[in-house]
Every structure is written in C-alpha cells, then in structure tokens.
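Below you'll find the structure, written out as structure tokens, and then a few comments.
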Amino acid sequence: MTKFSLAKLAGGVVAGLLALSSHGWAQQITLTLADQNSPTSLYEVRGILPWVKKVEEATKGRVKIRIYPSQTLVKGIDMWKGVKAGIADIGWCFHGYWPEMTPLSDVITLPFLPFSTAAEGSATLYKLISKSPTLQKEYVDVQPLMIWTSSPYVVLTTSKPIKTLEDFRGMKIRATGGPPTEQIRALGGVPMLIPMPDVYDALDKGVIDGAALPWEAIQGFRFYEVGKNYTVAPMSAVYFSLSMNKQKWNSLPKDIQDAIMSVSGLEGSIAMGKGAFDDAEEVVMDLVKKGNHTANRHVISAEELARWRKVAEPIWADWVKRMESKGRPEAKEVLAATLEILKK
C-alpha cells in the first residue's frame, strides 16, 4: 500500500472517530439507579427492569443502567438528597417520606379521590404536573423522568381486623406523611410514620397494629407473613418519581435525553404504576396460598364506606387552607384541576 493510501486510510479512520465522538457513540454512558425495593419486588420485575431495557433499546445500547436495589446505594428516606448530591444518577423516590418537599403534588394523596387504579392515578398526576408551571417548580432540583401513583391503599393488620369505623379507634397504623396521615387520624387510628423497609419488624414485634399499604408493598416486603387481616377500601394513594441528578442530565447529549424521554414521560409513568400495582393483589393471594399463610379479606360495604368518607371529607378543605396559609394560593385551583382531569 502506498504512503498516499495509508495516509488516506488513516485520515478516514480519524474522521470516522471524530464523527462517532460528535454523535456520542465513542463512549458508552453508564448511569446508576438507586432503589429501596428488593430485586424480586413487583417494582423491579414489572417496573424498573422493563424501563431499563427500554432505555437501553431506545439509545441503541449507548446507555447502560446499573441498578442498586434494597437500599444498597442510598437509603429510601434519603433518596431525594442522594440524587441531588449525585450519589446516584437516578433515584426511585417515594414522596411520602417528604410531605413538605412537593406539597402541591400531595393533592393526589387526598383520601377517597375518584380513581381506583394506579394507571388512572398516574396519568392524572403526570398530566397535572405537565400543565402546571407551579407544580413543575417543586421538581426544579432534579430532572423527573417519570411520576406515578400507587393504587389506593388497603389496611393490613396483625390480629384485630378492621371492618367498621369503630374498629379503627386507637389502632396504631403505619401511614405516610401528609393527607394519608390525616386520613388515619380522622378515622380514629393513631398514624405511625415508619419507613417501608422497617414495617415488617414493627408488625412482627407489635410496635404497630397494622399498616396502610399497597398490595405491591405487601408482596415486595413479604408483609403477608406477619399480617393476616386485609381491609379492602379505597384509602389514600401515594406517589413516586424516578428522578435524575440535574447536572448529570444536563451533561447528556440531546439525542440521548430525547431517547430516554421517549420511553419515560406520560406513557412510562402509566406503565410504571400499572406494572407495579394494578395486578399486585392477585400475586399476593397466590403467595399466601403457596406459603400456607392466613388471609382474612374484608371488603368494606358501600354503606360503611360512606361513613368513612364523611369523617374524611374535611381533609380536602383543610389541605387547601393549610397550603394557602403557607403561601401557596394555587392549592384550590390545583385540587379543582385534579378533579377535572379525573372526570375525563
């Protein structure tokens, strides 16, 4: 081969490498994802893992996501701070741990809102935030990739079943911060703020009498082993986000950002909520049967539920007043917008 041909070949290789580099192909991007859930939880199996696969496919392998489950990288209660600080690039965030951090988004946790599935709740919350610059400001410190809700909670108890409003009185029930706590208190229970990974021991040792939980958590944290009574009523739902460190997000090439959001956003939020929550009861009951555990399932009648709703009704108005007193005059409008979306 002549010197001219060699020089031409070398020049072509260099040009090719420069072109690849300019398009972000020269180096694979590895992102860390911190999660408080176990690798066998429905969140991992039906939510996180499918999303990670979609991201890798959408970016044609240019992005790889390394998952750190079971709080091995960041504790669940510290996740927001961990993402902001860059300890994790992406974090699974449960906003019930920090009710004052995204307070207007807490509207979706008001008791007895008219939705029955996580898919419906997730679509409602994502649309609400997407249309509201005020709500978007609550996430300014991070880059939210998806925001979704649970299905409405059930109440799991260890010994005494809850069948009527009177049964709630004096019961120590694990709850999350914000309106779900107010719901338990209004119903006569004593709300106990305990991080989800600590609930198993609290139930097992009798520190609490029960817990308001989604079926997904009952499966993922094996609460069916220590609780036997299931009160099925449309209690409050809670919400989550998969949020990314803002600096890390801004460092990604635009086409990578677009590829990630193509499998995230509204559709990703709905898929995360549906995959983790909406079929979880069936999974729990199958585990109960296989493990020879006890499951006393009680569905609250319409008449009894009406009593529960009546005592919880003031929570909506109280939430609006509390938000307004803290300098958030948009609260009433946010609640009205939420209900309007749920009508459609």
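Scope of the values below: all heavy atoms of this structure, side chains included, with no hydrogens, waters or symmetry mates.
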Shortest non-hydrogen separation from [X] to [Y] and the atoms involved:
| X | Y | result |
| --- | --- | --- |
| Ser236 | Gln183 | OG-OE1, 2.8 Å |
| Gln219 | Val283 | CG-CG1, 3.8 Å |
| Ile129 | Ser105 | CD1-OG, 4.0 Å |

>> Is it the case that the side chain of Glu56 and the backbone of Gly61 share a donor-acceptor pair, with hydrogens and angles ignored and the cut-off at 3.5 Å?
In response: no
About how many Å separate [atom2] of [Y] and [atom1] of [X], when rounded to the nearest 0.5 Å?
| X | Y | atom1 | atom2 | value |
| --- | --- | --- | --- | --- |
| Tyr239 | Thr124 | OH | OG1 | 14.5 Å |
| Arg62 | Gln27 | CZ | CD | 12.0 Å |
| Leu31 | Asp89 | CG | CG | 5.0 Å |

> Would you call the rings of Trp148 and Phe240 parallel, tilted or perpendicular, where under 30° means parallel and over 60° means perpendicular?
Replying inline: parallel
>> Ring-plane angle category for Phe221 and Phe223, please: parallel below 30°, perpendicular beyond 60°, tilted otherwise.
In response: parallel
Donor on one side chain, acceptor on other, [X] and [Y], under 3.5 Å:
| X | Y | value |
| --- | --- | --- |
| Ser241 | Ser243 | yes |
| Tyr224 | Thr294 | no |
| Trp308 | Glu304 | yes |
| Tyr97 | Asp78 | no |
| Thr231 | His298 | no |

>> In this structure, would Val238 and Leu193 fall into the same cluster of hydrophobic residues linked by side-chain contacts under 4.5 Å?
In response: no
>> With a 4.0 Å cut-off on N to O distance, would you call Lys172 and Asp209 a salt bridge?
In response: no
> Between Phe277 and Trp215, does a ring-ring contact (aromatic ring centres under 6.0 Å, His included) hold up when you go through it step by step?
Replying inline: CA-CA 7 Å; Phe277 292 103; Trp215 290 103; over 10 Å; no
> Applying the ring pair (Phe, Tyr, Trp, His ring centres under 6.0 Å) test to Tyr43, which of Trp51, Phe94, Trp92 qualifies?
Replying inline: Trp92
